[in-house]
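See structure below.
Keep in mind that this is a model prediction, so the values were computed, not measured. Counting starts at 1 for both ligands and their atoms, following the listed order. Throughout, numbering of the chain's residues begins at 1 and tracks the sequence.
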Amino acid sequence: MNLVLDCDPGLDDAVAILVAAHHADLVGITTVAGNVGINRTTRNALVVAQLAGLDVPVHRGAGKPLAGEPVDGSRIHGESGLGNAVLPDLERSEASDDAVAYLCDTARSVDDLHLLAIGPLTNVALALRRDPHLRRHLAGLTIMGGSASAGNITSVAEFNIWADPEAAAIVFEKAAPLTMVGLDVTNKVVFGAAETARMRAAGTPAAALAADVTDFLRDRFRQYVAQSVVPLHDATAVVAATHPHLFERSRHPVAVEVRGEHTRGMTVADLRPPALIEAIGPPGVAASDIVWGTDVDAVRELIVKAVLAS
Ligand code: RIB
Ligand code: CA
């Protein structure tokens with residue numbers, strides 16, 4: 001599978017880059033502001049590729065959402081976006097500062113291309129504005145984002161959607177069907193001390209970084225939710241794209257709330273029976289595949305093994 005990864009590194013994004021490079025043909029990386037600002041997400045993507053020795057271009061993308069001001073995930077991801085990891089001097093530079101052009105051009109020029117977005121959907125929405133036929137040129141579109149149950153950044157919203165709800169609304173409407181790898185499934189695949197010890201034992205700089213960012217996330221989780229295992233949301237989304245047979249999914253209309261005082265950024269999944277929706281509406285809400293569950297042990301092992309090989 002040819003894969004382009006749109007990301008906002010980001011602790012779990014960093015691990016996702018390693019997993020994508022191992023389990024797919026990682027054609028390119030595009031960056032977006034999200035967990036931290038665009039300068040840092042772009043730098044972080046470059047440094048992860050450098051540490052892992054990946055020959056993959058990194059294209060800088062949007063520095064702010066379609067509406068409103070950039071959000072900030074540094075309370076979880078640290079000021080750098082990669083926790084307290086000690087990073088090397090950067091020896092690489094970005095391939096361009098136009099991720100949107102890269103996404104549109106690559107979708108048309110690379111066969112069997114799968115786009116995986118694991119940050120706010122700003123770049124994908126801008127690419128759809130530039131090329132309304134974008135979805136047709138993609139073999140698949142998977143996002144880490146949304147939730148058909150509880151939220152994380154608010155009681156009902158998941159961070160990537162909440163960070164740019166206008167962009168997410170465009171993507172769910174204009175690029176359906178997509179595969180929504182939301183908190184419903186990503187919260188089930190968790191990593192603890194045993195996994196980070198295995199990563200460290202690999203003895204490579206990339207595996208050490210993966211262990212560092214996972215342990216940093218574990219420390220943050222201990223502060224906020226008193227648990228010592230953490231989901232690596234984005235890494236699980238990579239495996240959902242590369243190993244779809246491991247995941248249970250079903251197709252439903254999904255709309256994104258952009259106005260609600262308490263619900264802005266919520267993915268509103270209509271789980272009613274299709275015949276009832278047909279009978280009483282509302283009509284015309286685009287449907288996507290919501291991922292609900294997976295073989296947790298198999299997915300965790302695919303992620304750890306990719307890190308050990310990086
Ligand atoms: O809600 C999880 C998502 O938000 C992940 O992409 C993680 O990187 C954070 O940005
Ligand atoms: Ca992310």
Side-chain angles (χ1 to χ4, degrees), residues 3-20 29-38 40-45 48 58 61-62 64-65 70-83 85 99 115-124 141-165 167-168 171 178-191 209-210 213-214 216-218 220-221 224-225 229-241 256 264-267 290-291 303:
L3 186 75
V4 167
L5 185 67
D6 186 69
C7 57
D8 62 333
L11 302 171
D12 54 333
D13 302 73
V15 180
I17 291 170
L18 304 180
V19 179
I29 295 172
T30 53
T31 60
V32 65
N35 289 318
V36 287
I38 188 63
R40 283 178 171 158
T41 59
T42 304
R43 184 197 188 287
N44 291 340
V48 172
V58 174
K64 63 177 188 173
V71 297
D72 175 11
S74 60
R75 281 169 302 177
I76 298 290
H77 296 262
E79 284 305 311
S80 74
L82 292 181
L115 174 55
L116 170 58
I118 57 174
L121 292 170
T122 316
N123 290 338
V124 183
L141 171 60
T142 297
I143 72 163
M144 191 281 132
S147 172
S149 48
N152 56 5
I153 190 70
T154 75
S155 59
V156 294
E158 179 280 325
F159 178 85
N160 288 335
I161 308 300
W162 174 86
D164 193 344
V171 174
L178 56 85
T179 298
M180 178 179 119
V181 184
L183 300 179
D184 315 283
V185 63
T186 61
N187 276 335
K188 295 175 181 173
V189 188
V190 292
F191 299 79
L209 176 68
V213 297
T214 305
F216 184 88
L217 190 57
R218 294 177 57 232
R220 290 291 157 110
F221 261 63
Y224 296 130
V225 297
V229 291
V230 291
L232 294 174
H233 302 283
D234 295 338
T236 296
V238 174
V239 178
V256 176
R264 178 169 162 81
M266 180 178 182
T267 44
I290 300 175
V291 178
I303 291 167

Could you verify whether a donor N or O on one side chain and an acceptor N or O on the other, from Thr30 and Asp6, lie under 3.5 Å apart?
yes
Are any of the side-chain heavy atoms of Glu158 and Ile153 separated by less than 4.5 Å?
no
Minimum side-chain heavy-atom gap Ile17-Pro9 below 4.5 Å
yes
Shell check on the Ca ion (ligand 2): protein N, O or S atoms less than 3.0 Å away are Asp8 OD1, Asp13 OD1, Asp13 OD2, Ile118 O, Asp234 OD2
Worked verdict on Arg75 versus Tyr224 for side-chain contact (heavy atoms from CB on, under 4.5 Å):
CA-CA 11 Å; Arg75 281 169 302 177; Tyr224 296 130; 4.1 Å; yes
Out of curiosity, Leu217 CG to Leu11 CG, how far, rounded to the nearest 0.5 Å?
5.5 Å
Does atom NZ of Lys64 have more than 12 heavy-atom neighbours from other groups under 6.0 Å away?
no
Can you find a pair of side-chain heavy atoms, one from Leu183 and one from Asn152, that are under 4.5 Å apart?
yes
Min side-chain heavy-atom separation Val230-Val190 under 4.5 Å:
no
Distances under 3.5 Å, N/O of ligand 1 against N/O of the protein: list each pair and its distance.
unit_1	atom_1	unit_2	atom_2	d
ligand 1	1 (O)	Asn152	ND2	2.8
ligand 1	1 (O)	Glu158	OE2	2.5
ligand 1	6 (O)	Ile118	O	2.9
ligand 1	6 (O)	Asn160	ND2	3.0
ligand 1	6 (O)	Asp234	OD1	2.6
ligand 1	6 (O)	Asp234	OD2	3.1
ligand 1	8 (O)	Asp12	OD1	2.6
ligand 1	8 (O)	Asp12	OD2	3.4
ligand 1	8 (O)	Asp13	OD1	2.9
ligand 1	8 (O)	Asn35	ND2	3.1
ligand 1	8 (O)	Asp234	OD2	3.1
ligand 1	10 (O)	Asn35	OD1	2.5
ligand 1	10 (O)	Asn35	ND2	3.2

Do Met144 and Asp13 make a side-chain contact, defined as non-hydrogen atoms from C-beta onward lying under 4.5 Å apart?
no
